[in-house]
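Read through the structure below, which is laid out as structure tokens, and then see the notes.
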Amino acid sequence: MALDGEDSVDGKTDTFLLRAIKIAFVVALYWFVSITMVFLNNALLGSHELDAPLFVTFFQCLITVALCWCMNLLSRFCPGSVDFPSIKFDPKVSREVLPLSIVFIGMITFNNLCLKNLGVAFYTVGRSLSTVFNVLMSYVILKQTTSFYALLCCGVIIGGFWLGVDQEGAEGSLSWFGIAYGVLASMCVSLNAIYTKKVLPVVDNSVWKLSYYNNINACILFIPLIVVFGEVNKIYHFNGLNDWHYWGMMMLGGIFGFAIGYVTGLQIQFTSPLTHNVSGTAKACAQTILAVVYSGSIKSFLWWTSNAMVLGGSSAYTWVKGLEMKKTQEEPQIKSRAGV
């Protein structure tokens with residue numbers, strides 16, 4: 001009996017350890033994919049040979065569509081190994097997804113332009129207002145109010161943002177265009193989250209189907225934008241059109257852009273939305289430190305304080321919202337137990 005008890009305990013320990021290892025692997029994979037994608041995009045967008053950010057973003061959307069088709073084919077030939085929803089282009093669904101796609105284009109374009117103008121080190125602060133816009137847009141569009149503590153966290157984020165802008169300006173490396181793009185990207189991130197909730201039922205609540213239609217619409221809409229902003233001429237005169245290294249980097253950027261959707265869902269599946277947000281905040285901190293170390297630059301104490309305020313405020317907001325959601329879920333159970 002004693003041996004049986006020990007075996008069962010060991011079995012539980014093994015199960016716990018195995019799950020812990022899996023979670024650690026998934027979180028590490030998310031960090032690797034996300035940080036690598038940011039540095040890759042920064043290298044591609046910072047290229048002085050080809051200044052065509054819209055074309056770079058268009059190409060990445062094209063790769064995502066191609067990969068969706070590949071995954072769809074693999075799921076047909078290997079149904080037991082690959083789990084991917086069946087996708088078939090429907091013009092009606094595409095039209096219904098279009099409003100979200102316009103916001104999606106704004107989000108990825110302004111996000112890339114912010115990264116290009118501000119660099120990886122200041123990217124977290126430059127695009128830190130998405131939480132603030134989320135509160136604002138939720139009130140304006142969905143009429144949802146926010147608690148005092150959540151608003152207090154937003155105040156810390158805004159304070160960190162302005163301190164960061166001040167310190168980046170003091171160092172002489174501030175780009176006001178980058179800041180403007182960062183603010184617009186933050187707003188689009190918030191709108192994207194809100195419109196995604198509205199549009200998901202149209203694609204059977206499938207995130208992959210939504211990504212497929214979003215990227216197809218984006219590819220179509222990017223073509224006139226590339227023409228209007230004069231990037232066709234820049235591409236035509238680009239000396240690296242026959243450079244396989246450049247196209248390899250472009251392909252890699254597109255693959256990582258596709259992979260981030262998968263690893264994000266994987267991290268949420270193995271942990272929770274709350275843990276995913278905390279992991280994302282910690283990742284942003286590590287990303288900033290890596291960028292500063294890689295560039296060999298020296299930042300002031302107040303510069304680091306601004307990053308700490310933004311990351312701390314974002315983490316605190318996530319924690320507060322998590323507690324509020326838990327309380328909301330528990331209240332009906334408490335009332336039912338009390339017989340109310």
Side-chain angles (χ1 to χ4, degrees), residues 23 26-27 30-31 34 38 100 103-104 106-107 110-111 114 123-164 182-201 205 207 210 260-261 263-288 305-336:
I23 290 172
V26 167
V27 171
Y30 168 78
W31 278 41
S34 184
V38 169
L100 172 64
V103 175
F104 173 73
M107 180 181 72
F110 290 132
N111 193 64
C114 171
Y123 173 67
T124 300
V125 174
R127 219 218 65 184
S128 63
L129 297 180
S130 54
T131 300
V132 178
F133 275 110
N134 191 44
V135 170
L136 184 62
M137 295 298 174
S138 295
Y139 179 74
V140 173
I141 298 173
L142 304 176
K143 306 301 179 186
Q144 293 179 353
T145 56
T146 306
S147 68
F148 170 76
Y149 290 110
L151 289 174
L152 198 62
C153 295
C154 289
V156 173
I157 295 170
I158 294 170
F161 173 79
W162 280 116
L163 179 60
V183 172
L184 289 169
S186 299
M187 182 179 70
C188 288
V189 167
S190 173
L191 287 172
N192 186 73
I194 292 170
Y195 278 100
T196 295
K197 290 179 182 178
K198 290 185 175 183
V199 174
L200 265 174
N205 291 310
V207 175
L210 185 61
I260 191 66
V263 295
T264 297
L266 202 63
Q267 181 169 249
I268 293 171
Q269 180 185 342
F270 272 83
T271 58
S272 68
L274 180 63
T275 306
H276 167 67
N277 288 332
V278 172
S279 174
T281 303
K283 186 273 305 181
C285 180
Q287 182 178 284
T288 302
T305 301
S306 71
N307 277 267
M309 287 176 68
V310 164
L311 294 169
S314 300
S315 297
Y317 178 85
T318 301
W319 181 65
V320 167
K321 294 300 287 185
L323 289 177
E324 290 175 358
M325 287 176 65
K326 187 178 179 181
K327 185 179 178 181
T328 304
Q329 291 170 356
E330 288 177 351
E331 277 180 356
Q333 297 176 0
I334 294 170
K335 286 180 180 179
S336 63

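In this structure the side chain of Tyr317 never reaches within 4.5 angstrom of the side chain of Leu152, judged on heavy atoms. Using a 4.5 Å heavy-atom cutoff, the side chains of Val320 and Cys153 are in contact.
Leu210 pairs by the side chain to side chain contact (heavy atoms under 4.5 Å, CB included) definition with Val97, Leu100, Thr196, Val199, Leu200, Val203, Asn214, not counting sequence neighbours. Remark: Thr264 pairs with no residue by the side chain to side chain donor-acceptor pair (under 3.5 Å) rule, at least two apart or across chains. Here Phe161 pairs with nothing under the ring pair (Phe, Tyr, Trp, His ring centres under 6.0 Å) rule; sequence neighbours left out. Residues satisfying the side chain to side chain contact (heavy atoms under 4.5 Å, CB included) criterion with Met107, sequence neighbours excluded, are Phe104, Cys188, Val189, Asn192.
Here the shortest heavy-atom pairing between Val135 and Cys154 reads CG2-SG, 3.7 Å. Closest approach of Leu163 to Met309, counting heavy atoms only: CD2-SD, 4.0 Å. Across every non-hydrogen atom of Ser34 and Lys283, the tightest pair is OG-NZ, 3.0 Å. Pairing each heavy atom of Gly182 with each of Cys114, the nearest pair is CA-SG, 3.6 Å.
Screening residues 123-138 for side chain to side chain donor-acceptor pair (under 3.5 Å) gives Asn111-Tyr123, Asn111-Arg127, Thr124-Thr288 as the qualifying pairs, with residues at least two apart or on separate chains. Judged as a side chain to side chain donor-acceptor pair (under 3.5 Å), the pairs with a partner in residues 144-159 (not counting sequence neighbours) are, in order, Ser147-Glu324.
Surrounding OH of Tyr195 are at most 12 heavy atoms belonging to other residues, nucleotides or ligands under 6.0 Å away.
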When you look at Ile157 and Ser314, which way does the side-chain contact (heavy atoms from CB on, under 4.5 Å) test go after all the steps? CA-CA 7 Å; Ile157 295 170; Ser314 300; 3.8 Å; yes
Could you go through the side-chain contact (heavy atoms from CB on, under 4.5 Å) check for Met137 and Leu191 one step at a time? CA-CA 7 Å; Met137 295 298 174; Leu191 287 172; 3.9 Å; yes
Does Val183 form a side-chain contact (heavy atoms from CB on, under 4.5 Å) with Phe110? I'd like the steps, not just the answer. CA-CA 9 Å; Val183 172; Phe110 290 132; over 6 Å; no
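Judged by distance alone, the side chain of Ser315 and the main-chain N or O of Leu311 form a donor-acceptor pair under 3.5 Å.
Using modelled atom types, one finds a donor on one side chain and an acceptor on the other under 3.5 Å when comparing Trp31 with Ser279.
Trp162 CH2 to Ile158 CD1: the interatomic distance, rounded to the nearest 0.5 Å, is 10.0 Å. Here CG of Leu136 is found 11.0 Å from CG of Leu129. Values are rounded to the nearest 0.5 Å.
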